[in-house]
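Quick caveat: nothing in here was measured; it's all calculated off a predicted structure.
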Amino acid sequence: MTPVFIRKKFVPLEKESGGAAGKSVNGDAGETVECPCCKKTQIKARVVENKYVCTECGGYFRVRTGNRIKMVADTYSFSSWFPNAEEENPLDFPGYMDKLKAVREKTGLSEGVTMGKARIYGEPVALGVCDARFFMGSMGHVVGERIAAGVEKATRLGLPVILFCCSGGARMQEGMISLMQMAKTAAALKKHSEAGRLYVPVLTDPTTGGVTASFAMLGDIILAEPGALIGFAGPRVIEQTIGQKLPEGFQRAEFQLEHGFVDAIVERADLKRTLYKILRMHRSRNGYAGFLPGTDFDFRPGELMREREAKGKTLTAWEKVKAARSPQRPSCMDYIGEIFDDFMELHGDRCHGDDLAVTGGIASLSGQPVTLIGIHKGSDMKDCVRRNYGMPSPEGYRKALRLMKQAEKFGRPVITFVNTSGAFCGLEAEEEGQGEAIARNLFEMSALKVPVLCLMIGEGGSGGALALAVGNQVWMMENATYSVLSPEGFASILWKDGKRAKEAAGIMKITAQDLQRLHVVEKIIPEYGQADKKSMHDISMFMKYHMREFLKSCEGMSGEELARQRYERFRRF
């Protein structure tokens with residue numbers, strides 16, 4: 001089902017006469033401004049205090065450079081880099097220099113982007129802000145030079161880069177010289193990435209044209225403001241080209257999130273905290289080093305859980321199949337909420353879509369940043385439909401791989417939670433390359449240079465489960481299953497009788513105990529009777545304790561040693 005998006009318009013708070021969006025809240029208390037979305041008149045000071053968001057309808061006003069810096073940077077922490085712009089007119093375009101002079105005088109800016117160094121809740125960062133007032137934020141040679149030079153300086157200083165993108169695209173008056181800035185800024189960001197540094201673009205309204213096709217879409221984590229127009233070709237150009245009216249919400253931030261190109265949409269009120277959280281998770285470290293600060297964590301199951309464990313009976317293989325499929329069984333998100341701190345979900349495969357069957361993001365385990373990836377079947381019927389009952393499509397596997405490679409870049413351990421009857425088998429999945437996506441995950445996971453821990457928490461169905469289970473260790477919950485295919489499928493193929501599924505389950509060796517004997521899994525996670533909401537806390541604490549022990553056992557191992565250990569684990573089969 002395609003969601004319906006409400007388009008939030010973005011408008012400059014200043015009037016055509018040059019009124020400033022950045023006037024102090026303590027200015028004229030009676031000054032008003034009209035929201036073009038809801039057309040209601042309101043006190044300008046209240047809008048400013050509300051971070052330039054309409055107090056009536058929530059529509060976003062565009063924000064000028066100085067106010068954007070005030071909203072996200074610590075007070076007085078911003079210092080500008082390259083404040084002077086040496087403009088040229090590479091095409092000798094008539095009247096261009098005069099227009100530049102006029103725009104400078106009107107805006108008080110020397111060019112369309114400002115770069116510098118700042119702090120966000122104390123975290124140092126290279127900060128850039130594009131301003132729509134300056135030739136609609138178009139990218140001329142000075143804009144490209146400032147961004148490239150700013151990224152290069154951040155690389156030398158070991159700083160992450162946060163860049164607020166806002167642009168109509170290439171600057172027409174500079175022709176091909178403007179186009180060259182796309183390649184220049186991308187090349188600078190490539191070197192920044194190779195140095196292991198973080199880059200977070202924040203896409204604001206509008207982000208279009210050559211900016212979208214260069215630095216705006218090259219982030220490790222891409223954020224967007226609600227309702228922002230984001231696209232390569234503008235809506236009017238597309239409509240004129242194809243002769244069709246575009247649907248409501250097309251190319252807006254929500255559309256881009258659904259189609260896999262944005263990690264998260266963040267409200268302005270939450271933006272500074274979100275950026276700080278991301279920066280804190282990416283503090284510079286030279287690879288994984290078993291960093292687990294804080295007090296020792298001790299796990300002791302509660303009295304109720306010990307009682308349930310004592311009374312619990314051993315289930316047959318078929319009973320375990322039914323237990324693994326139970327809708328009451330806790331999901332990956334339940335365990336993530338119990339075990340980890342500060343989880344931030346990241347979305348999209350960056351090429352097609354955002355498969356909700358696969359959930360992933362970053363979090364902390366006792367202070368150690370980790371990347372988490374889980375297959376989520378859904379919490380109720382509506383959620384199950386949204387998540388395709390936990391059967392991933394190619395974009396889900398590609399999203400998982402993108403997050404794993406990101407984890408490798410920043411030295412974060414990877415922990416996966418697997419619960420799927422199998423990869424989605426459907427027309428569109430085959431068209432999008434289901435087999436290639438699974439194969440690519442096996443190929444890349446085998447060589448990741450960070451610790452990889454995989455937990456089978458429910459069903460582990462065939463290659464669709466294995467695609468997220470190439471770990472240094474694989475653990476399995478007591479009543480989970482892991483099989484080459486379902487017992488029903490096994491019975492149908494071998495015996496031509498799907499009704500013999502119960503019999504098949506008994507001979508397929510699909511339980512945790514069977515697979516531990518076969519060395520397919522290293523550890524069995526007790527369920528204290530059977531996994532449900534009551535036992536979830538104690539199961540989670542068992543997981544947390546042993547996850548910490550696993551990471552400690554990896555301490556001091558090089559990336560090459562971790563990859564070799566994983567290779568040798570699977571080479572033995």
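Other residues, nucleotides and ligands contribute more than 12 heavy atoms inside 6.0 Å of the CD atom of E436. At most 12 non-hydrogen atoms from other residues, nucleotides or ligands lie less than 6.0 angstrom from CZ of F232.
Taking the six-membered ring for Trp, F61 and Y52 have ring centres at least 6.0 Å apart.
Not one N or O on the side chain of T207 forms a donor-acceptor pair closer than 3.5 Å with the backbone of L203.
Distance CG/D354 to CZ/R350: 10.0 Å, rounded to 0.5 Å. The distance from atom CZ of F255 to atom CG of L246, rounded to the nearest 0.5 Å, is 9.0 Å. Here the CD-CD distance, from E145 to E152, works out to 7.5 Å after rounding to the nearest 0.5 Å.
The pair R104-E87 meets the salt-bridge criterion, since a charged nitrogen lies less than 4.0 angstrom from a carboxylate oxygen. Using a 4.0 Å cut-off between charged nitrogen and carboxylate oxygen, E194 and K191 do not count as a salt-bridge pair. In this structure, R402 does not pair ionically with E444, as no charged nitrogen and carboxylate oxygen lie closer than 4.0 Å. With respect to the salt-bridge test (charged N to carboxylate O, under 4.0 angstrom), the residues D205 and R252 qualify. A salt bridge does not link R386 with D355: none of the charged nitrogens is closer than 4.0 Å to a carboxylate oxygen. A salt bridge is absent between K277 and D341: the closest approach of a Lys/Arg side-chain nitrogen to an acidic carboxylate oxygen does not fall below 4.0 angstrom.
Checking each of R268, K70, K51, E225 against V63 for a side-chain contact (heavy atoms from CB on, under 4.5 Å) leaves exactly one that passes, namely R268. A side-chain contact (heavy atoms from CB on, under 4.5 Å) with L401 is found for exactly one of N441, L468, I373, L448, namely N441.
The closest side-chain heavy-atom distance from H282 to P160 is not below 4.5 Å.
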For this session: List the steps and the verdict of salt bridge (Lys or Arg N to Asp or Glu O under 4.0 Å) for D220 and K409.
Result: CA-CA 10 Å; D220 296 296; K409 172 181 173 178; 2.8 Å; yes
